[in-house]
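Report on one structure; see the data block that follows.
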Amino acid sequence: MHEEIDHPCVQHKLAIIRDVETGHKKFRELATEITKFVCYEALKHIRTKEVDVQTPLAIAKCRKIDTDLVVVPILRAGVGMLEGILELVPTARVGFVGLYRDEDTKQPVTYYERFPAQTKGGTCIVIDPMLATGGSTIATIDLLKKAGAGKIVVVCIVTCREGLQLVEEAHPDVPIYTASIDDRLDENKYIVPGLGDAGDRLFGTKH
Ligand code: PRP
Ligand code: URA
């Protein structure tokens with residue numbers, strides 16, 4: 001299952017973050033803002049429980065989140081989405097997966113992995129702005145399943161059909177939420193039109 005968040009507020013911000021003239025400060029701010037909107041949708045099915053709350057007038061039947069939440073940014077670019085999701089769910093725990101795409105093979109190489117104990121049985125939200133070939137996302141889901149994650153949700157900013165298909169074939173139980181499903185991958189496995197190298201644009205490592 002995947003869902004593209006086709007809301008004008010998201011699409012407006014996406015138009016600005018894609019722009020080659022957008023510098024790293026603005027890029028980071030937009031990544032945070034877009035993440036908040038997309039995660040808001042992505043979290044709509046998480047488990048809740050009914051609670052009674054005493055208002056000044058009476059008992060109100062309310063709902064509270066009833067699962068451990070673990071946000072998992074894929075290093076490095078996933079860190080650019082962390083602030084946005086933590087504004088929504090400030091008590092979530094954070095696990096990290098360090099992955100980079102080998103420039104020649106385009107395959108993900110894992111260099112770091114650290115998950116909180118609540119990963120086991122918890123709801124894990126994988127964040128990475130770019131789901132391109134899908135290799136990095138699949139590798140992260142594999143690690144989380146090995147760690148006993150109860151439920152996994154993927155949130156990205158831009159993806160493409162090819163990457164979605166690969167992740168959905170490998171992990172049909174994992175829903176993916178994105179601000180955009182772009183046309184294709186180029187010969188370097190970059191998303192086109194995409195927004196370029198998300199890590200470099202977030203952290204100002206090029207230019
Ligand atoms: C980018 C991006 C994803 C991955 C997507 O990271 O942030 O993690 O590539 O590609 P895939 O879907 O084909 O696996 P990159 O390897 O550039 O590392 P970085 O975050 O350290 O810049
Ligand atoms: N990584 C990026 O940062 N951008 C892409 O388009 C593909 C992988």
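Order of appearance sets the numbers: ligands from 1, and atoms from 1 within every ligand.
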Taking the basic N atoms (NZ, or NE/NH1/NH2) and the acidic carboxylate oxygens, is any pair closer than 4.0 Å for [X] and [Y]?
X: Lys146; Y: Glu113; result: no
X: Asp19; Y: Lys26; result: no
X: Asp200; Y: Arg76; result: yes

Where Ala147 and Thr119 come nearest, the two heavy atoms and their spacing:
CB-CG2, 4.0 Å
Please report the closest heavy-atom contact between Pro129 and Cys156, naming both atoms and the distance.
O-CB, 3.8 Å
Just checking, is any N or O donor in the side chain of Lys151 or His45 under 3.5 Å from an acceptor N or O on the other one?
no
First locate atom NE2 of His7, then atom CD1 of Ile34, and finally report the distance between them rounded to the nearest 0.5 Å.
13.5 Å
Validation: residues 54-65 side-chain donor-acceptor distances under 3.5 Å, sequence neighbours left out:
| residue | atom | partner | partner atom | Å |
| --- | --- | --- | --- | --- |
| Thr55 | OG1 | Leu57 | N | 3.0 |
| Thr55 | OG1 | Ala58 | N | 3.0 |
| Thr55 | OG1 | Ala58 | O | 3.0 |
| Lys61 | NZ | Asp52 | OD1 | 2.9 |
| Arg63 | NH1 | Thr48 | OG1 | 3.2 |

Please tabulate, for the side chains in residues 79-92, all donor-acceptor contacts under 3.5 angstrom to protein atoms that are two or more places apart in sequence or on a different chain.
| residue | atom | partner | partner atom | Å |
| --- | --- | --- | --- | --- |
| Glu87 | OE1 | Lys36 | NZ | 2.6 |

Quick one: table the atom pairs, ligand 1 N or O against protein N or O, below 3.5 Å, distance rounded to 0.1 Å.
| residue | atom | partner | partner atom | Å |
| --- | --- | --- | --- | --- |
| ligand 1 | 7 (O) | Asp128 | OD1 | 2.9 |
| ligand 1 | 8 (O) | Asp128 | OD2 | 2.4 |
| ligand 1 | 12 (O) | Ala132 | N | 2.8 |
| ligand 1 | 12 (O) | Thr133 | N | 3.1 |
| ligand 1 | 12 (O) | Gly134 | N | 2.9 |
| ligand 1 | 13 (O) | Arg101 | NH1 | 2.7 |
| ligand 1 | 13 (O) | Thr133 | N | 2.9 |
| ligand 1 | 13 (O) | Thr133 | OG1 | 2.5 |
| ligand 1 | 14 (O) | Ser136 | N | 2.9 |
| ligand 1 | 14 (O) | Ser136 | OG | 2.5 |
| ligand 1 | 16 (O) | Arg101 | N | 2.9 |
| ligand 1 | 20 (O) | Arg76 | N | 3.0 |
| ligand 1 | 20 (O) | Ala77 | N | 3.0 |
| ligand 1 | 21 (O) | Arg76 | N | 3.4 |
| ligand 1 | 21 (O) | Arg76 | NE | 3.2 |
| ligand 1 | 22 (O) | Arg76 | NE | 3.3 |
| ligand 1 | 22 (O) | Arg76 | NH2 | 2.9 |

Residues in contact with ligand 2, criterion: heavy atom under 4.0 Å:
Arg101, Met130, Ala132, Lys189, Tyr190, Ile191, Gly196, Asp197, Ala198
